[in-house]
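The basis for the numbers below is simple: all heavy atoms, side chains too, and nothing from hydrogens, waters or symmetry mates.
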Amino acid sequence: MENPAPAASRNSVSDITNPLSCTASSGRQMFKSSQSDLESASQAQENQRICKQACDLLYRLRPYVCIAVAMLVFIGILVHKPFGSDNHVLGNDGANHAFALLMLCIILWIGNPVKPFVTAMLVPMVAVWLGKILIRHRKAAGKTIVEFLSTQEASAKILSFMINRIVTLVLGSFCLARALDKALAGSTSRAFSRNLLKYCYGRWGAIGGGPALSFILVLFPMYLSALVPHEAATMVAFNLVSPIIYALPAQSILARVLLLSLLLGGNIGGMISIISTPQNILLFSSELVNYQLSWFKWMRVSIPLSLVAALMAWMGIVLCWKVWEIKLDPELTDLLTLEDESKLHINHTDMEDGLGGTPLVSVPKNPANGNLHDDDILLLEEKKPNEVSYAEKCYIFAVALITIFLWTTSEWLKDILGGLGIVSFFPIVALFGMGVLKRNDLNHLPWDIVLLAMGATTLSEICRHSGAFELIGQSFEKHLGGFQGWTRLAVLCAIMAFSGAVKSRFVAALVYLPLAFLAIDAETATHQIFHRGRSPEAFAAGQKILAAFSCSAGMLLPISGLINVFLSDVRDQITHKRYLRNRDIIVAGAIGTVASLLCIITLGYAIIHYLY
């Protein structure tokens, strides 16, 4: 009977000690788990740090990797000679050298390890140093002999390629755009903005004012591109409406819509006239067209096509950003009517949390007292530009009208005027000679674009004179053998638009337009397309116009052309934040690209099928 007592005592002791032991063991487990969590968190942070360092290293090494890849491709083409080495066919050694130079420039332009104009300046040096690249045909004893130019002859020929009518036209049009920008700056831009706001919101009301303003900003740079290059036309249009945009905060949806409207209108405006883009000039002056083009023949296709594309793109902008919901405070119009506009007072209330905020722009009752709170109004000081006089404005507009007249009649009067390139010197002499443009204006011209045009046109001429384009075109034709008629044109236009969106449209035009021309000519010669009694050359010329249009359709990325680059960097002058985000440009660019491409391959094909 004495045994149960110790058992009971042992049970009672165990009952007391077991909870303590359980608590201690659970505490040790929690400590180990927390320690393991800390170790895993520290390991994750270390992995993130290593990944970030690796990404930074790869980003810093990217230019060197791009240069190394370009050099390997360049040397590989020179060694393996994809076109063979038969000099008696088309000078295939010269074609190999030109193709190697072409691939070197394309890789450097896409990878962008150096500035594009630096790559363009490599072209004449490398072309001359390669030696056998340019060929000539001469007849001897009744036979045609193909021989290479000597180094001195090739050097002189390449230098003659660099100064051509494309370069002089680009330079003259940028000088004219600079003068127009000065004439329209200052009080002219403020008066234009004031009247534009009064018209849109006074005539169409709060709901229709935003869409009407957006539509006008789509059309204005588009049709201004008929007079000057579309990049310069977009910058002139932006300067005219900049008082409206800079009066809005960086988060403003209205400012975003207005900038995207300018972006779409400026890019679509590249189709309007012959001088709108360098690729249009290239087509107009190219020997590969085999058809006499004129401004009238060009614009009877471009005007209806660009108008429909602009309508489609504008509808996409209105629907995606719900422009009819964006309300504008009437005090903005009152603000722009003030005589003293050196101070614009802005209330940043149009925020990103919705598409339809209300930007309030107001003037304080006592702007001189300086008692402004953080949540009240912000101060934006605007420096008045040095405005030109009324007489100088009249002179600038007169020079612009004369220049446009000379450009439009240069092909008809080329026996007297000397052609489009010579006429382009007139605005340079007239504007700088009379002192309207100063030395400072000359320094601020986009010389990087001029140098890029010089190098890119030189590369195109080298590939054409060496026979590289013809051999590449034959290979290109084999890959397009399964496409005929409309489908072939649609594929070519899609390739041009995508190439222009990825990189410079001018570079894409110089590289791919000659290949597209050769593919169109090959189909025309094979099928002998006649329509309504017209020659096949005329119909082929119409297809080449559409191919040139498709270069302007490439506006997908923030780097797709100077217009996208310029407008993507417009910033609020108070916070220095960008108005446009990359995703805004991509969405709007996709809308504009699809709309333009659909119009080109449907409406454009129908127009040329009827007219040509």
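Applying the salt bridge (Lys or Arg N to Asp or Glu O under 4.0 Å) criterion to Asp569, with sequence neighbours excluded, gives Arg571. Remark: Arg62 pairs with no residue by the salt bridge (Lys or Arg N to Asp or Glu O under 4.0 Å) rule, at least two apart or across chains. By the side chain to side chain contact (heavy atoms under 4.5 Å, CB included) test, Ser460 pairs with Phe469, Leu510, Pro514, sequence neighbours left out. For Asp584, the salt bridge (Lys or Arg N to Asp or Glu O under 4.0 Å) criterion is met by Arg256, Arg581, not counting sequence neighbours. Contacts of Leu442 classified as side chain to side chain contact (heavy atoms under 4.5 Å, CB included), with partners at least two apart in sequence or in another chain: Phe432, Leu445, Trp447. Shown here are the side chain to side chain contact (heavy atoms under 4.5 Å, CB included) partners of Ala233, two or more places apart in sequence or in another chain: Leu224, Ser225, Val228.
Closest heavy-atom contact between Ala595 and Ala313: CB-N, 4.1 Å. Considering all non-hydrogen atoms of both residues, Gly270 and Asn280 come closest at O-ND2, 2.7 Å.
For the pair His97/Ser466, no side-chain contact is recorded, criterion being any heavy-atom separation below 4.5 Å from C-beta on. Trp321 is listed as a side-chain neighbour of Leu260, based on a closest heavy-atom distance under 4.5 Å. Looking only at side-chain heavy atoms (C-beta outward), Ser424 and Leu171 stay at 4.5 Å or farther from each other. The side-chain heavy atoms of Trp407 and Leu176, taken from C-beta on, include a pair separated by under 4.5 Å.
Taking the six-membered ring for Trp and thresholds of 30 and 60 degrees, Phe161 and His465 have ring planes inclined between 30 and 60 degrees apart.
Aromatic ring centres of Phe549 and Trp298: separated by under 6.0 Å.
Side-chain atoms of Trp109 come within 3.5 Å of backbone atoms of Pro116 as a donor-acceptor pair (strictly under, hydrogens ignored). For Asn582 (side chain) and Pro558 (main-chain N/O), no donor-acceptor pair under 3.5 Å exists by modelled atom type. A donor-acceptor contact shorter than 3.5 Å is absent between the side chain of Ser596 and the backbone of Thr593.
Residues Ser150 and Glu153 bring a donor and an acceptor atom of their side chains to less than 3.5 Å of each other.
No more than 12 heavy atoms of other residues, nucleotides or ligands lie within 6.0 Å of CD in Gln152, so this atom counts as exposed by the packing criterion.
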